[in-house]
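What you see is a predicted model, and the numbers here were worked out from it, not measured in a lab. When reading the values below, keep in mind they use all heavy atoms of this one structure, side chains included, and skip hydrogens, waters and symmetry mates.
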Number of protein chains: 2
Amino acid sequence: MKAPNAYSADCPTRQILDRVGDKWAVLILLLLREDPMRFNRLRRTIEGISQKMLSQVLKSLERDGLVRRRAIATVPVTVEYSITPLGVTLAKAVDPLRDWAECHLKEVLAAQRRYDGQTKAAA
Amino acid sequence: MKAPNAYSADCPTRQILDRVGDKWAVLILLLLREDPMRFNRLRRTIEGISQKMLSQVLKSLERDGLVRRRAIATVPVTVEYSITPLGVTLAKAVDPLRDWAECHLKEVLAAQRRYDGQTKAAA
DNA sequence: CTGAATCCACTCGGATACTG
DNA sequence: CAGTATCCGAGTGGATTCAG
């Protein structure tokens with residue numbers, strides 16, 4: 001850490017935050033922490049993700065060393081995705097956020113209603 | 001918590017994750033936790049954000065009750081943004097992620113190099 | 001079953017110009 | 001100073017089709 005102006009793109013936090021910010025990445029990570037899964041199983045479980053996105057996100061997660069892909073040469077190919085130890089540590093770092101979400105979502109929604117009310121009143 | 005299939009959009013985690021995933025939101029939150037700031041000060045500090053995005057993100061953060069906007073009727077208008085107590089709790093929940101980023105970024109980068117190497121070799 | 005490739009609509013986000 | 005409004009290029013992501 002040099003200048004406090006690590007609020008530039010070179011900040012590691014930024015890079016990780018971008019990953020975490022990914023609409024699906026963390027979700028998949030949390031899912032795989034529960035159980036290893038096959039492609040279509042993930043697809044069905046998440047329900048809302050397109051096959052393109054799933055494929056894409058899985059690849060990037062694998063690239064980051066957060067998820068492991070294991071192909072089994074059965075008759076129709078079987079591919080199993082599982083979380084890596086590194087992925088587990090990230091998932092753990094995400095847990096507080098999960099907890100925060102569950103604890104404070106109501107407050108956030110309330111704040112939104114309040115804000116929208118004032119805004120509409122002003123209009 | 002009902003079915004484990006809270007991996008739908010109705011999951012609070014998803015909503016918060018979307019916020020956190022925002023390219024700038026968390027960054028601004030962490031900045032404002034250090035010090036309240038005026039608009040242009042934020043703009044200069046972050047360096048890379050457009051005033052459109054800054055304006056937009058600040059508004060949504062205010063809407064969520066995470067940030068407070070205080071306008072002072074001076075000659076040229078002065079507006080100060082500060083973090084709310086709720087915002088502080090969210091920032092705290094993000095800290096583990098920051099730590100993770102700093103601790104494990106190298107591993108992630110290494111994994112990426114490894115992956116890219118194999119990929120290129122295969123091609 | 002597990003993807004890759006293509007097409008395309010839509011949104012994000014930057015640059016610019018203008019207002020109070 | 002603190003924004004808003006408009007334009008527009010680039011990237012995101014869904015639907016569909018093809019392949020191993």
Rounded to whole Å, how long is the line connecting atom [atom1] of [X] with atom [atom2] of [N]?
X: F39(A); N: dG3(C); atom1: CZ; atom2: C1'; result: 6 Å
X: D18(B); N: dC12(C); atom1: CG; atom2: P; result: 11 Å
X: L42(B); N: dA2(D); atom1: CG; atom2: P; result: 9 Å
X: R44(B); N: dC1(D); atom1: CZ; atom2: P; result: 7 Å
X: R41(B); N: dA2(D); atom1: CZ; atom2: P; result: 11 Å
X: I28(B); N: dA2(D); atom1: CD1; atom2: C1'; result: 15 Å
X: R43(A); N: dA4(C); atom1: CZ; atom2: C1'; result: 14 Å

B/S/- along nucleotides 13-20 of chain D (protein heavy atoms under 4.0 Å) is BBBB----
Notebook entry, point to check: Think R38(B) has a side-chain N or O under 4.0 angstrom from the OP1 or OP2 of dA2(D)?
Noted result: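 For R38(B), the contact criterion (side-chain N or O under 4.0 Å from OP1 or OP2 of dA2(D)) is met.
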Is any side-chain nitrogen or oxygen of S55(A) closer than 4.0 Å to OP1 or OP2 of dA4(C)?
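So the side chain of S55(A) is within the cut-off, an N or O lying under 4.0 Å from OP1 or OP2 of dA4(C).
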Which atom pair, heavy atoms only, marks the closest approach of V57(A) to A25(A)?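 In this case the closest contact between V57(A) and A25(A) is CG1-CA, 3.7 Å.
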Is [X] salt-bridged to [Y], going by a charged N under 4.0 Å from an acidic O?
X: E80(B); Y: R70(B); result: yes
X: D95(A); Y: R33(A); result: yes
X: D18(B); Y: K23(A); result: no

ask   = In terms of side-chain heavy atoms of Y81(A), which of dA2(D), dG3(C), dT2(C) is nearest?
value =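 The closest nucleotide is dG3(C).
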Residue list, salt bridge (charged side-chain N to carboxylate O under 4.0 Å, His left out) with [X], at least two apart or on another chain:
X: R63(B); value: D116(A)
X: R68(A); value: none
X: E107(A); value: none

Could you tell me, to 10°, how much the axis swings from one end of the helix from dC1(C)-dG20(D) to dG20(C)-dC1(D) to the other, five pairs per end?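 The two end axes of the helix from dC1(C)-dG20(D) to dG20(C)-dC1(D) meet at 40°.
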Check whether any side-chain heavy atom of [X] sits under 4.5 Å from a side-chain heavy atom of [Y], and report yes or no.
X: M53(B); Y: S50(B); result: yes
X: L58(A); Y: F39(A); result: yes
X: I16(B); Y: W100(A); result: yes
X: I72(B); Y: V77(B); result: no

Quiz item: What residues in residues 59-71 of chain A put a non-hydrogen atom under 4.0 Å from any atom of DNA chain C?
Solution: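 Under 4.0 Å from DNA chain C: K59(A), R69(A).
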